[in-house]
Amino acid sequence: TSNIYNYFENKEHLLVEILNPILAGLEKAFVFISQPNYFEKRLNDSYETWKERFNIALDYVDKNRDDFTLLLLKSQGSTLEDFPEKILNRLTALNFEQYKQFKQGNPNYKGEASEFVVRNILSFFLNIFVQMIRQNIPKSEMLLYEDSMLKFIHYGYKGSIASDLN
């Protein structure tokens, strides 16, 4: 084991190197959702589009299950131990900023959402995948729950934040 430290300074660097592929994949997702007008586009997305996006995320988590298990369940004592909270903070800041920009560009839009509301909607969505890993739920079982969870998210979202777009 001491030979491994010829390549890595410490356990932290080894952990980050192991998880780098999924961290890079998540960074690509952030780049995608950071596109101009992404918030507005998402407001008008159909249930089928939400389902496609959900399945992309589900596939990604399932294909990288071992790495997500390491990240979410075994990274205590490292800089990655609060990764879910950091991701939620970052997603909340991005989405709330996009929401404010959308409101500014659409003064007739009547929907209202606080940062608290945005954070909790995102928290619910992220928690689906965190619990998939924590409870070791296989993808096949997640697909059984998919419709119920997505209908709750999609139509609840449409009913609150996007209510005056219909």
Side-chain angles (χ1 to χ4, degrees), residues 1-35 38-39 41-42 45 49-101 113-157 160-161:
T1 56
S2 63
N3 188 32
I4 201 161
Y5 291 110
N6 290 330
Y7 303 98
F8 302 99
E9 189 175 316
N10 55 36
K11 290 178 189 176
E12 176 80 20
H13 289 144
L14 175 60
L15 177 65
V16 171
E17 185 66 27
I18 290 168
L19 295 176
N20 197 42
I22 65 164
L23 297 174
L26 292 171
E27 195 57 40
K28 284 181 184 176
F30 266 103
V31 169
F32 181 78
I33 66 172
S34 297
Q35 297 174 53
Y38 186 74
F39 184 86
K41 176 190 169 304
R42 201 172 58 225
D45 281 346
T49 301
W50 282 54
K51 191 171 185 171
E52 287 171 22
R53 279 201 308 266
F54 180 84
N55 280 292
I56 289 168
L58 181 62
D59 287 343
Y60 187 73
V61 172
D62 189 58
K63 287 177 186 169
N64 296 286
R65 185 179 287 270
D66 291 341
D67 288 343
F68 277 106
T69 299
L70 181 61
L71 177 62
L72 296 172
L73 305 179
K74 301 180 181 188
S75 63
Q76 299 84 355
S78 77
T79 58
L80 295 171
E81 75 178 316
D82 59 350
F83 183 78
E85 186 67 18
K86 286 180 180 177
I87 286 290
L88 181 57
N89 289 341
R90 192 171 168 199
L91 274 172
T92 300
L94 173 65
N95 278 268
F96 193 62
E97 184 57 36
Q98 289 175 335
Y99 168 74
K100 290 189 300 186
Q101 289 173 2
S114 67
E115 189 170 354
F116 175 80
V117 169
V118 171
R119 180 181 178 82
N120 279 280
I121 291 169
L122 292 166
S123 178
F124 177 82
F125 183 75
L126 287 175
N127 195 51
I128 292 169
F129 301 102
V130 170
Q131 292 306 315
M132 175 184 169
I133 296 299
R134 286 195 173 139
Q135 296 180 40
N136 199 26
I137 299 172
K139 180 182 172 185
S140 59
E141 192 173 329
M142 289 299 291
L143 289 170
L144 297 175
Y145 309 136
E146 174 185 48
D147 197 51
S148 294
M149 290 184 293
L150 281 176
K151 282 181 179 172
F152 176 78
I153 294 170
H154 179 73
Y155 294 109
Y157 178 77
S160 62
I161 293 176

Would a 4.5 Å heavy-atom cut-off, applied to side chains only, mark [X] and [Y] as touching?
| X | Y | result |
| --- | --- | --- |
| Asn136 | Arg65 | yes |
| Leu58 | Ile128 | no |
| Asn95 | Arg42 | yes |
| Leu19 | Phe68 | no |
| Leu70 | Ser75 | no |
| Ile33 | Leu91 | yes |

Where is the tightest heavy-atom contact between Val118 and Phe96, given as atom of each residue plus distance?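 Minimum heavy-atom contact is CG2-CD1, 3.9 Å.
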
Might you point out which heavy atoms bring Leu72 and Arg134 nearest each other, and give the distance in Å?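 Closest approach of Leu72 to Arg134, heavy atoms only: O-NH2, 4.2 Å.
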
So how far is it from [X] [atom1] to [Y] [atom2], rounded to the nearest 0.5 Å?
| X | Y | atom1 | atom2 | value |
| --- | --- | --- | --- | --- |
| Asn127 | Asn120 | CG | CG | 11.0 Å |
| Leu14 | Ser78 | CG | OG | 11.0 Å |
| Lys51 | Lys151 | NZ | NZ | 8.0 Å |
| Asp67 | Ile18 | CG | CD1 | 8.0 Å |
| Leu15 | Glu81 | CG | CD | 11.0 Å |
| Trp50 | Ile153 | CH2 | CD1 | 7.0 Å |

Ring pair (Phe, Tyr, Trp, His ring centres under 6.0 Å) partners for Phe32, two or more places apart: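 Counting only residues at least two positions away or on another chain, Phe32 forms a ring pair (Phe, Tyr, Trp, His ring centres under 6.0 Å) with Tyr38.
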
Who pairs with Phe129 by ring pair (Phe, Tyr, Trp, His ring centres under 6.0 Å), at least two apart in sequence or on another chain?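 For Phe129, the residues satisfying ring pair (Phe, Tyr, Trp, His ring centres under 6.0 Å) (neighbours in sequence not counted) are Phe54, Phe125.
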
Please check this pair: side chain of [X] against backbone of [Y], looking for a donor-acceptor N/O pair closer than 3.5 Å.
| X | Y | value |
| --- | --- | --- |
| Glu115 | Ala93 | no |
| Tyr99 | Leu94 | no |
| Asp82 | Glu85 | no |

Test side-chain contact (heavy atoms from CB on, under 4.5 Å) on Arg119 and Leu88 and set out the steps. CA-CA 7 Å; Arg119 180 181 178 82; Leu88 181 57; 3.5 Å; yes

Any side-chain hydrogen bond (donor to acceptor under 3.5 Å, both in side chains) pairs touching residues 14-35, not counting sequence neighbours? Glu27-Arg90

Going by side chain to side chain donor-acceptor pair (under 3.5 Å), name the residues that satisfy it together with Asp66, two or more places apart in sequence or in a different chain.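 So Asp66 forms no side chain to side chain donor-acceptor pair (under 3.5 Å) with any residue.
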
Output all residues satisfying side chain to side chain donor-acceptor pair (under 3.5 Å) with Asn64, sequence neighbours left out; order by chain, then residue number. none

Using residues 139-146 as the side-chain source, report each donor-acceptor pair under 3.5 Å to any protein atom, sequence neighbours left out, with the distance given to one decimal.
from: Lys139; atom 1: NZ; to: Asp59; atom 2: OD1; distance (Å): 2.3
from: Glu141; atom 1: OE2; to: Tyr145; atom 2: OH; distance (Å): 2.5
from: Glu146; atom 1: OE2; to: Asn55; atom 2: ND2; distance (Å): 2.6

